[in-house]
Amino acid sequence: MITKKVTGVDAALEGVESGMTMMLGGFGLSGIPENSIAKLVALDVNNLTCISNNAGVDDFGLGLLLQKKQIKKMVSSYVGENAEFERQMLSGELDVELIPQGTLAERCRAAQAGFPAIYTPAGYGTEVAEGKETREFDGKMYVLEHAFKADFAFVKAWKGDAAGNLVFKGTARNFNPNMCGAATITVAEVEELVPVGTLDPNQIHIPGIFVQRIFQGETYEKRIEQRTVRTRD
Amino acid sequence: MITKKVTGVDAALEGVESGMTMMLGGFGLSGIPENSIAKLVALDVNNLTCISNNAGVDDFGLGLLLQKKQIKKMVSSYVGENAEFERQMLSGELDVELIPQGTLAERCRAAQAGFPAIYTPAGYGTEVAEGKETREFDGKMYVLEHAFKADFAFVKAWKGDAAGNLVFKGTARNFNPNMCGAATITVAEVEELVPVGTLDPNQIHIPGIFVQRIFQGETYEKRIEQRTVRTRD
Amino acid sequence: MALDKNQIAQRIAREVQDGYYVNLGIGIPTLVANYVREDIDVEFQSENGVLGMGPFPYDGEEDADIINAGKQTITTLPGASFFDSATSFSMIRGKHVDLTILGAMEVAENGDIANWKIPGKMVKGMGGAMDLVASAENIIVAMMHTNRAGESKLLKKCSLPLTGVGCVKKIVSNLAVLEVTAAGFKLLERAPGVSVEEIQAATEGALIVDGDIPEMKF
Amino acid sequence: MALDKNQIAQRIAREVQDGYYVNLGIGIPTLVANYVREDIDVEFQSENGVLGMGPFPYDGEEDADIINAGKQTITTLPGASFFDSATSFSMIRGKHVDLTILGAMEVAENGDIANWKIPGKMVKGMGGAMDLVASAENIIVAMMHTNRAGESKLLKKCSLPLTGVGCVKKIVSNLAVLEVTAAGFKLLERAPGVSVEEIQAATEGALIVDGDIPEMKF
């Protein structure tokens, strides 16, 4: 078995440099690679291009990198929860490329799967398609969208093993599996690193071949963005 | 919950007609929809176009349909285990389109996911690419391959529930998940239909939305094509 | 009288049919789940990766790993499943979701919709909306008929950046139910006590009034 | 003396490096697994949907649901995983598999390979071979240097329908180890006791012999 286990977040982020392009999993604050983000803040790398569905909130997730102005460009589908983000974007300090959520997922998957580009109907006829090639198939119009190219992908899983196999929980799965193997180096952080052989081979969401480095995160805050509950009758 | 459970194979194949295009899961004889195939034989429909990685063996799997000359055209990647198949193909009775295995999988997935076509490097420069559009991305050549269009997809899973959720076992998974939702009607047969709520929502390989009809197969022979074993020391 | 948000949701709920997989957008659409008839089978999909959403969790049972696309904590019902984002949009792009209900800032008489950006002011992003409107065959828009200044949001042509072209099929506003046809907005139903004239006055785009227009039923 | 099939596999096994994910084709390539050094970590992928293949099962423990691409019953090792065909070819097309070892009927001096069809005679199909050769950056071909009639299978140009163009990097035949270069087949090693002249005689394509050619080590 090929082992992907590294000693911790320091070893996992070895080679990260300013100016790199990063993919980061998560939807809102759910399933984000908290430990890797904290380390990116500590490393003080800057001029980063971040591909991530959202941009965190002011004081958590990618918001932490935005506060320190480490991000040059964001590629996201929705960034509505972050005041500092909005300020940097409107002032022109931050370059922002907004793309449809399904396009984001599939441009990751294309990189993972060795497809150079895909045709999606999303965004046809809108400013998202401006300057892009469009094409008709069976009477419907599609936009050609290219696979992402990234240096690092940071994903967060529930459980994993030293072979790099990953299992996700609930909707914390989201973009994480699609980003595995979609960058030169995929770093997976997990809540629990379990002994090899304890994960059912039928029930592995991401086979270890898509992961280069794996470590168990020290702590997970797992902050809830919108706590909605009902009261018991 | 939307129920997909039908009374059995008869109800599951309602609407099947001669001349239709069918997808059938399985690799070799592993994970093939045995009960649906048996019913197709009994229904005596013919002029079928079958999209399936393999064509069974003479007396099992799709070989049963070939024996009765119910198949007009096969779209497969490998057909080397079937003498009757070879006879019909060489005599011109059977139309055969051989395509790369990864292309077959991805043309199914494209249909499932609403993509009209994909660019794959497989087959570039070979007769598989003849008459097809090719294109260069980043210095590498790709072939444009279109999503399949099929009337029925017949898949076989290990476990399933009335919501249509499916779980596969081992390498019997193969093309089955990629064919779900890739045809107008997807019929899933399972070894065991379990009560709704007993499958872990984190561990469902195919969500029920991709399946229109589900039933528990009466029997499964699960024939082994190449029994290779080692002796105990 | 014009409908409130809950009444818009209640009216839209009547469009939800037995056996439908439904994607609900943020805002009024989320409320639709509260009004769907209990004698039909419907499943709610959320594009962040869940099918078979249930009600909000009981206080203390919320889980940061189980949320909807609005980032709200949710529960799941028996038969539910979780999946990755690519699979989620396979459901949407592949037309496996039967009905999409979403909000809009503007809709044009040809079915164009704008709901993701106000240049220079508000740029939250399109999230999954562009995928949803580009793929769904059955899109209902839940919206206010006019903005706070009283200006129509049902226009000849959208003024804001588009989310999708020619895709809206039906609109349920606080004033009316309308179908988008080749000739424009066809008035199907009036909110209780709202006149055709009031609807006409609030609609900038072509309004087609064909015969008597009944009041909505809930 | 020319190598037998097991010796070809044994020689190829020396090309397998620590940390490699390897896809083995049917035939001689399957035998390579028997000869890989035990002090390095290697995982075998089979395109029908398994990573982490182990040896054949013990008699009585075979499972129809656990096979390799040759339809042989197999076992899996700790850390193994099963996946669908699309995911399997994502591993292959996405260059996550480090080494592909497969058989060939013909290889041309420019790296073209033919191994799936003899028009009018044998049409088994390409299986996953076209995906593998179109994507892999590291392809080793295991083959006999000549056919039964003694004719070279290392050609100027393939006569059979191609599986892929310009993709073969290395060949291990019963006579030699060769690298495919811009100038043709570069001879790297001779089978024990086989002369350069014998290899030259068995090679139709351009053979580059640069200096002394050592005998193979196993």
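Residue numbers start from 1 in every chain, and the chains themselves are labelled A, B, ... in the order their sequence lines are given, proteins ahead of strands.
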Structural part of [X] lying under 4.5 Å from a heavy atom of chain D:
X	answer
B/Val96	neither
B/Asn82	neither
B/Glu221	neither
B/Met89	side chain
B/Leu29	neither

Heavy atoms under 4.5 Å from chain B: which residues of [range] carry them?
range	result
residues 123-148 of chain D	D/Val123, D/Lys124, D/Gly125, D/Met126, D/Gly127, D/Gly128, D/Met130, D/Asp131, D/Ala134, D/Ser135
residues 53-66 of chain D	D/Pro55, D/Phe56, D/Pro57, D/Tyr58, D/Asp59, D/Glu61, D/Glu62, D/Asp63, D/Ala64, D/Asp65, D/Ile66
residues 22-37 of chain D	none
residues 69-79 of chain D	D/Ala69, D/Gly70, D/Lys71, D/Gln72, D/Thr73

Check: Minimum heavy-atom separation for D/Arg93 to B/Pro121, with atom names?
Finding: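 That would be CD-CD, 3.8 Å.
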Next item on the list: Return the minimal non-hydrogen interatomic distance between B/Phe27 and D/Ile67, and the atom names on each side.
Entry: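 Between these two residues, the closest heavy atoms are O-CD1, 3.9 Å.
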Margin query: Counting heavy-atom pairs under 4.5 Å with chain B, which one of D/Ala86, D/Gly49, D/Gly120 comes out on top?
Written below: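 Max contact count across the listed options: D/Ala86.
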Next item on the list: Please lay out, stage by stage, how B/Asn174 and D/Asn48 fare under the test side-chain hydrogen bond (donor to acceptor under 3.5 Å, both in side chains).
Entry: CA-CA 6 Å; B/Asn174 56 67; D/Asn48 59 316; over 6 Å; no
Check: Under a 4.5 Å cut-off applied to non-hydrogen side-chain atoms, are B/Phe175 and D/Asp84 in contact?
Finding: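 In short, these two side chains do not touch, never coming nearer than 4.5 Å.
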Check: Is there side-chain contact between D/Trp116 and B/Glu127, with heavy atoms separated by less than 4.5 Å?
Finding: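 Yes, close enough: below the 4.5 Å cut-off.
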Notebook entry, point to check: Atom CZ of D/Phe89 and atom OG1 of B/Thr120: how far apart are they, to the nearest 0.5 Å?
Noted result: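 These two atoms lie 9.5 Å from each other.
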Checklist line | Per-residue contact mode, D/Lys117 against chain B (heavy atom under 4.5 angstrom) | finding: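 Just the side chain, heavy atoms under 4.5 Å.
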Check: Side chain, backbone, both or neither: which part of D/Asp112 has an atom under 4.5 Å from a heavy atom of chain B?
Finding: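 Contact with chain B involves no heavy atom of D/Asp112 at all.
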